[in-house]
Amino acid sequence: MEKTLPDGVAVYCASSHRVSQKYLDVARRMGELIARSGLTLVCGGGRLGLMGAAIEGAVGASGRAVGVLPQFMIEKEWNHPDLTETISTPDMRERKQTMERLSRAAVALAGGIGTLDELAEMMTRVQLGLFAGPVIIVNTEGFYAPLVAMFAKMKEQGFMRGDEAPVIVVATPEEAMEVIMR
């Protein structure tokens, strides 16, 4: 019997609103493309920044946006009011596990420490054979170029298994969707 893939795409990104409009536009487009593909946006559920823009893109395209937030964030009313569904978790670790369980792919947009944490965990899970979907970085205008260079250095100096980092680097949300829909 063939296993059915979840219909979610986990999108990791900044919740900061103090960022360039170009990053917000990419996040909104990512949410829109996920919705138009018939998949569900799964994200941290925040009302601000790239996270809020991705939710607005998905919902604006008549799609589903599932936000996974620790209860303390819901109590602080950090969740986006337009989420199709809000899932409460006891902590950040359960949040990441829930997002993974609901998703067939993971996409990292521009972000900070939280985004890097989520990206690194998903790359590790792919490397260990614990997540079968693609992990994708949308490298908007070279935002992740220093990290991609670090991956090359890790490989060159023997710190990374295999031929490549367990991540696919693309330039646009459209290219990310091509990878997801393969």
Mind checking whether [X] and [Y] have side chains closer than 4.5 Å, heavy atoms only?
X	Y	answer
C43	I55	yes
I34	T40	no
L109	Y12	no
I74	S88	yes
L116	L147	yes
I137	V170	no
M181	S37	yes
M123	F151	yes

What distance separates [X] [atom1] from [Y] [atom2], expressed to the nearest 0.5 Å?
X	Y	atom1	atom2	answer
I168	E175	CD1	CD	11.5 Å
L102	L41	CG	CG	11.5 Å
E94	Q71	CD	CD	13.0 Å
W78	M73	CH2	CE	5.5 Å
K76	L69	NZ	CG	12.5 Å
K22	T140	NZ	OG1	8.5 Å

Is it the case that one hydrophobic cluster holds both [X] and [Y], taking links as side-chain heavy atoms less than 4.5 Å apart, direct or via other members?
X	Y	answer
V42	M51	no
M150	I113	no
L130	V167	no

Between T89 and V68, is the side-chain contact (heavy atoms from CB on, under 4.5 Å) condition met? List the steps. CA-CA 7 Å; T89 63; V68 183; 3.7 Å; yes
For [X] versus [Y], what's the shortest heavy-atom pair and its separation?
X	Y	result
A14	T115	N-OG1, 3.8 Å
A58	A35	O-CB, 3.5 Å
V126	P166	CG1-CB, 3.8 Å
V59	D82	CG2-O, 3.5 Å
G46	H80	O-CB, 3.7 Å
A110	L50	O-CD2, 3.3 Å

Run the side-chain contact (heavy atoms from CB on, under 4.5 Å) test on V138 and T172 for me, step by step, so that the C-alpha distance in whole Å, both residues' side-chain angles and the decisive distance to 0.1 Å come before the verdict. CA-CA 6 Å; V138 178; T172 66; 5.6 Å; no
Just do the salt bridge (charged side-chain N to carboxylate O under 4.0 Å, His left out) check on R36 and E32 with the steps written out, would you? CA-CA 6 Å; R36 289 179 192 239; E32 175 187 344; 3.1 Å; yes
Backbone N/O of [Y] and side chain of [X]: donor-acceptor pair under 3.5 Å:
X	Y	value
R28	A54	no
R64	G8	no
R95	G44	yes
N139	Y144	yes
T84	A65	yes

Given the rule in the side-chain contact (heavy atoms from CB on, under 4.5 Å) test, do I87 and E85 qualify, once you have shown the distances and angles that lead to the verdict? CA-CA 7 Å; I87 298 173; E85 180 181 355; 3.7 Å; yes
Carefully, step by step, assess E77 and R47 under the rule salt bridge (charged side-chain N to carboxylate O under 4.0 Å, His left out). CA-CA 9 Å; E77 298 181 349; R47 67 175 49 232; 5.7 Å; no
Testing Q127, M99, E100 one by one against M122 for a side-chain contact (heavy atoms from CB on, under 4.5 Å), which residue passes? E100
Please say whether more than 12 non-hydrogen atoms of neighbouring residues, nucleotides or ligands are located less than 6.0 Å from CG in L128.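 Yes, because the 6.0 Å sphere around CG of L128 holds more than 12 heavy atoms from other groups.
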Mark yes when over 12 heavy atoms from residues, nucleotides or ligands other than E174 sit less than 6.0 Å from its CD; otherwise mark no. yes
With side-chain contact (heavy atoms from CB on, under 4.5 Å) as the test, would you mind laying out the steps for S16 and L48 before giving the verdict? CA-CA 6 Å; S16 173; L48 299 176; over 6 Å; no
